[in-house]
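First comes the structure, then the notes that go with it.
We name chains A, B, ... by the order of the sequence lines, and we start the count at 1 in each one. Because only heavy atoms are used, hydrogens play no part in the values below, and waters and symmetry mates are left out as well, while side chains stay in. The shown structure was predicted, so the numbers you read here are calculated from the model rather than taken from an experiment.
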There are 2 protein chains.
Amino acid sequence: MTIRDVARAAGVSTSTVSYVLSGKRPVSAETRRRVEHFVAELGYHPHAGARALASKRSHIIALVVPLRTDVYVPVMMEIATYVTMTARKHGYDVLLITNDEGPDGIRRLAASGLADGVILMDVELGDERISTLGELRTQTVLIGLPDDPAGLSCVDHDFSAAGALCVDHLAGLGHREIAFIGYGTGIYRRRAGYAERTLAGFRARAEELRMRFLHSSCEGTYESTAGALGHILSDRPGTTGFVVQNERALGPLLHLLRTRGRIVPDKASVIALCPERLADQYAPALTAVTGAAKELGRIAVEQVISRIFASVRGRRPDDALVLLAPTLTVRESTGPVRLSDPS
Amino acid sequence: MTIRDVARAAGVSTSTVSYVLSGKRPVSAETRRRVEHFVAELGYHPHAGARALASKRSHIIALVVPLRTDVYVPVMMEIATYVTMTARKHGYDVLLITNDEGPDGIRRLAASGLADGVILMDVELGDERISTLGELRTQTVLIGLPDDPAGLSCVDHDFSAAGALCVDHLAGLGHREIAFIGYGTGIYRRRAGYAERTLAGFRARAEELRMRFLHSSCEGTYESTAGALGHILSDRPGTTGFVVQNERALGPLLHLLRTRGRIVPDKASVIALCPERLADQYAPALTAVTGAAKELGRIAVEQVISRIFASVRGRRPDDALVLLAPTLTVRESTGPVRLSDPS
DNA sequence: TTGTAGGCGTTATCAA
DNA sequence: TTGATAACGCCTACAA
């Protein structure tokens, strides 16, 4: 089943079939109808390799996923899913690449013409992979935000705004002494953008509003959460607001606050930086600041594709930098400060 | 940078370069060395499309992932990761396909020659996609177990054995009255293999050992977990062992048992069917029955590849059916039954 | 509006 | 042990 079979069946030349399929030159309505009819009837699909060879475009986008498991995995999977669906909508397929291949993997994709573009997930501040990308002629988009995004397009959540939004919400409820419970120290050490930037946004806004605040790292186990809370409450017993960016610490924290008599939300407010699905799942349901994973995936794909188009037309692609605004959803875990009664 | 450039540089013909790379015919040590030298020096990678066109093999495996989100996502991601890494080790790349394309998506992959083989994840008992696969000449492997796996290869965890293993462990500790807390009813209705088969294994073994048992569905929220536990304890107040196959119910359940005075493991034993990482994370750490996700991915890839090889050589591929034995890891949440003291 | 034909980079067959 | 060369299926510039 090749293009010639379709051409013969429809009584036209192969180029006409090709043009009907690509739309790159006008075809009379009648011919187009006949060709499309036989394409459908014969179940014809152009041979991907032949097409890539002749057109110099594979219609494949590579998605590089991290091997690390400290990121909240379901979110990555959700992004990957939306990347795939959006790509398909534009006639592209998605190739999955694990990060362990490193820069060589991307070089291979570029050199073999396997991928027209690359989407790199989980980019870190100071990411050493970024410099390697410049040499290649592959179009690249980052999900994440490196120190220097020159020559690339980037999409990410506006984590800084998310951190600030948490502070604003708590401040608006009258809290004056708050704490940030984040990820384990390893994550800050490797400068994961989502951790570093959220904390920075939190810090800046808290200082701006002259609030007292504390930052505490937490590995996510029950013990480490207990440790973090212990430190906070002994250093700053007056703390009433908790901003939590650590999915695994949420359950333990709620439990610990309860056992310590700090009933949420009457005696303590908790605001989570986590996906909606998670926030909904606790009792009390958590007020949360969230970013839309599907948007990330969609925009990343549209950015690579637009870069690919530009480069095909011989233009230098514009570098885009999109930061998605976070959303605050108020649920049951935050409330106005009540002066602690002496009872 | 094509094969001709390498050939010229090494002073040989293009076919010699090709044969050095593919190893499909003997090449003198000296020539091989020279060719390999220039391949590396020039950073040559064969053009994927051209290769696929000439050889009729794309060296790409398609991985079809479900869109549904009720499966425990990190496990799917882990499988996908290992599929990718194993595939690379064998010189294959992995194309990500979301399930929303349905059978047409797979037809497209086959017809366009984009994929040499397909791995279908999250296959259900009575899966309607299976029948469609027979028509295609693509080699297919299922992760999961359909009612009728004829003409296909399958890999999956031995969920039935896992269910039985839980019963055995509890029985060995002296429990005589146990309960199974599973997923929401929707999952059983669509006959997800991991749910149905685990429960069947649990049932069969419990009956065999003449234990009293109950099955309770649970959506995974705090409320539904409370509901499930409430039913169990009112119907069978003597229940001392809990088998839980529902990641989200674990936290709530532990908390509920504590508040009801059924201290784990002294007054109640809990055994989880979940990944190690999760089991480790609770206090007390959970005794758990687990399957190795990486093995699943690895075996699936090796099965497709072996099928592809067979079909290339004109043989009909053998249908394999591999069920991976589960592992029991005893932690802190299970212990011998203590007769409840009257205090 | 449509057809003809050259070429894309590899593989593999046939010779030597 | 190696080389020349005809496919592989499609795209697209050029003709008509």
Take B:Pro26 and B:Ser55, find for each the nucleotide of DNA chain D with the closest heavy atom, and name the residue whose nucleotide sits nearer the 5' end. B:Pro26

On DNA chain D, nearest-nucleotide positions of B:Ala29 versus A:Leu21: which is more 5'? B:Ala29

Assign [X] to base, sugar-phosphate, or nothing according to its heavy-atom contacts below 4.0 angstrom with the strands shown.
X: A:Ser18; value: base
X: A:Ser15; value: base
X: A:Ser22; value: nothing

Candidate nucleotides [options], ranked by approach to the side chain of [X] - the nearest:
X: A:Lys56; options: C:dC8, C:dA12, D:dC10; answer: C:dC8
X: A:Ser13; options: C:dT11, C:dT4, D:dC10; answer: C:dT4
X: A:Ala54; options: C:dT2, D:dT12, D:dC10; answer: D:dC10
X: B:Val12; options: C:dG9, D:dT2, D:dG3; answer: D:dG3
X: B:Arg51; options: D:dC11, D:dC10, C:dT11; answer: C:dT11

When rounded to the nearest 0.5 angstrom, what distance separates CD1 in A:Ile79 from CG in A:Leu63?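 Atom-to-atom, A:Ile79:CD1 and A:Leu63:CG are 9.0 Å apart.
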
For a quick check, tell me whether the side chain of B:Arg4 and the base of D:dG3 share a donor-acceptor pair closer than 3.5 Å.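 A donor-acceptor contact between them is absent.
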
Are [X] and [N] close enough that a side-chain N or O sits under 4.0 Å from OP1 or OP2?
X: B:Thr14; N: C:dT10; value: no
X: A:Thr2; N: D:dC8; value: no
X: A:Thr16; N: C:dT2; value: no

Any donor-acceptor pair under 3.5 Å linking the side-chain atoms of [Y] with those of [X]?
X: A:Ser15; Y: A:Ser18; answer: no
X: B:Asp319; Y: B:Ser153; answer: no
X: B:Ser28; Y: B:Thr31; answer: yes

Integer-rounded Å distance: [N] [atom2] and [X] [atom1]:
X: B:Leu53; N: C:dT11; atom1: CG; atom2: C1'; result: 10 Å
X: A:Arg8; N: C:dT4; atom1: CZ; atom2: P; result: 13 Å
X: B:Leu42; N: C:dG9; atom1: CG; atom2: C1'; result: 16 Å
X: B:Ile3; N: C:dC8; atom1: CD1; atom2: P; result: 15 Å
X: B:His47; N: D:dG9; atom1: NE2; atom2: P; result: 17 Å
X: B:Asp5; N: C:dT10; atom1: CG; atom2: P; result: 9 Å
X: B:His45; N: C:dT10; atom1: NE2; atom2: C1'; result: 16 Å
X: B:Arg57; N: C:dG9; atom1: CZ; atom2: P; result: 22 Å

Starting from the 5' end of DNA chain C, give me the residue, B:Tyr19 or B:Pro46, whose nearest nucleotide shows up first. B:Pro46

Closest-nucleotide ordering on DNA chain C, the 5'-leading residue of B:Ala50 and B:Arg25: B:Ala50

Looking at A:Arg88 and B:Glu101, is any side-chain nitrogen of the basic one under 4.0 Å from a carboxylate oxygen of the acidic one?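 Salt bridge present between B:Glu101 and A:Arg88.
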
Please determine if B:Arg57 forms a cation-pi arrangement with B:Phe309, meaning its NZ or CZ atom is less than 6.0 Å from the six-membered ring centre and no more than 45° off the ring axis. yes

